[in-house]
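Just below is one structure, and these are the notes that go with it.
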Amino acid sequence: MTAEPRSAAPTVLTRLLVPAGLLASVATAFAYVGAVDPNEPGHYPACPLLRLTGVYCPGCGGLRSAHAVVHGDFAAALGANALAVAGYALFAVLWTVWVIRAVRGRPVRIELGPVPLWGFGVLVAVFTVVRNLPFGSWLHP
């Protein structure tokens, strides 16, 4: 009597463990930021770049933006950090693609060449420069 070989293919639930764990982590972080208001002084450390130089970094206002998203105030979220809001949306899209591919048993491959990576770097640099210029004051957190 021989034992049947087990299938080496992971089940759907096994393939969904990592995306579910990541979503749980992100949801926990957003829940914390939603509960502990970053608009009140003393809850979070100040941005070191802003504190030392007075220059807004690309992440300045990100916590206020996340807090506003949790409370459904998307206008305030965009006003706090528009780049962060775009990042939240991009995360949601990529996570959804990941889950769909995991359910179908297909690997997730995001192969970015140098052009998209440089484009992202330029976008972040332009956002940072413009938000620190007088005409970009609408991008201040």
Side-chain angles (χ1 to χ4, degrees), residues 1-133 135-141:
M1 183 176 211
T2 61
E4 289 186 31
R6 284 187 160 193
S7 172
T11 65
V12 171
L13 289 178
T14 304
R15 291 190 303 261
L16 290 176
L17 282 176
V18 175
L22 179 64
L23 182 63
S25 299
V26 170
T28 301
F30 267 78
Y32 180 80
V33 172
V36 181
D37 190 355
N39 295 302
E40 306 226 354
H43 289 275
Y44 299 96
C47 173
L49 183 67
L50 180 62
R51 180 172 238 161
L52 293 173
T53 66
V55 173
Y56 294 109
C57 77
C60 281
L63 288 174
R64 287 184 291 264
S65 175
H67 181 79
V69 166
V70 169
H71 292 277
D73 190 354
F74 297 107
L78 285 169
N81 191 324
L83 190 61
V85 174
Y88 308 149
L90 180 62
F91 171 81
V93 168
L94 291 176
W95 185 85
T96 302
V97 169
W98 184 12
V99 167
I100 290 169
R101 291 186 67 85
V103 166
R104 293 179 179 169
R106 304 175 99 193
V108 177
R109 288 195 175 94
I110 299 174
E111 298 176 15
L112 297 176
V115 172
L117 292 175
W118 277 100
F120 176 72
V122 167
L123 173 71
V124 170
V126 167
F127 175 76
T128 304
V129 169
V130 168
R131 80 187 314 204
N132 285 290
L133 293 174
F135 66 84
S137 63
W138 58 279
L139 290 173
H140 290 179

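We count residues from 1, following the sequence as given. Quantities reported herein were computed from a predicted structural model and do not represent experimental measurements.
For A84, the side-chain contact (heavy atoms from CB on, under 4.5 Å) test picks out S65, N81, Y88, with sequence neighbours left out. Every residue two or more places apart in sequence or in another chain that forms a side-chain contact (heavy atoms from CB on, under 4.5 Å) with H71 is listed here: H67. Annotation: side-chain hydrogen bond (donor to acceptor under 3.5 Å, both in side chains) contacts of N39 (sequence neighbours excluded): D37. Y56 is linked by a ring pair (Phe, Tyr, Trp, His ring centres under 6.0 Å) to H140, counting only residues two or more places apart in sequence or in another chain. For S137, there are no side-chain hydrogen bond (donor to acceptor under 3.5 Å, both in side chains) partners at least two apart in sequence or on another chain. Residues satisfying the side-chain contact (heavy atoms from CB on, under 4.5 Å) criterion with V129, sequence neighbours excluded, are L133.
Side-chain contact check for L16 versus V103: some heavy-atom pair is nearer than 4.5 Å. Contact check for T128 versus L83: no side-chain heavy atoms found under the 4.5 Å cut-off. In this structure the side chain of L139 reaches within 4.5 angstrom of the side chain of F127, judged on heavy atoms.
Contact detail for C57 and L49: the closest heavy-atom pair is CB-CD2, 3.6 Å. Heavy atoms only, all atoms of each residue included: V70 and F30 are closest at CG2-O, 3.3 Å. A pairwise comparison of heavy atoms in R15 and A102 identifies NE-O, 2.5 Å as the closest pair. Among all heavy-atom pairs drawn from G54 and N132, the shortest one is O-OD1, 4.4 Å. Closest heavy-atom contact between W98 and P19: CE2-CG, 3.6 Å. Annotation for P107 and R109: closest pair CG-NH1, 3.2 Å, computed over non-hydrogen atoms.
Not a single donor-acceptor pair under 3.5 Å links the side chain of R131 to the backbone N or O of V55.
Atoms CG and CG, from L17 and L22 in turn, are 12.5 Å apart once rounded to the nearest 0.5 Å. Going from atom CZ of F91 over to atom CG of L23 covers 6.0 Å, rounded to the nearest 0.5 Å.
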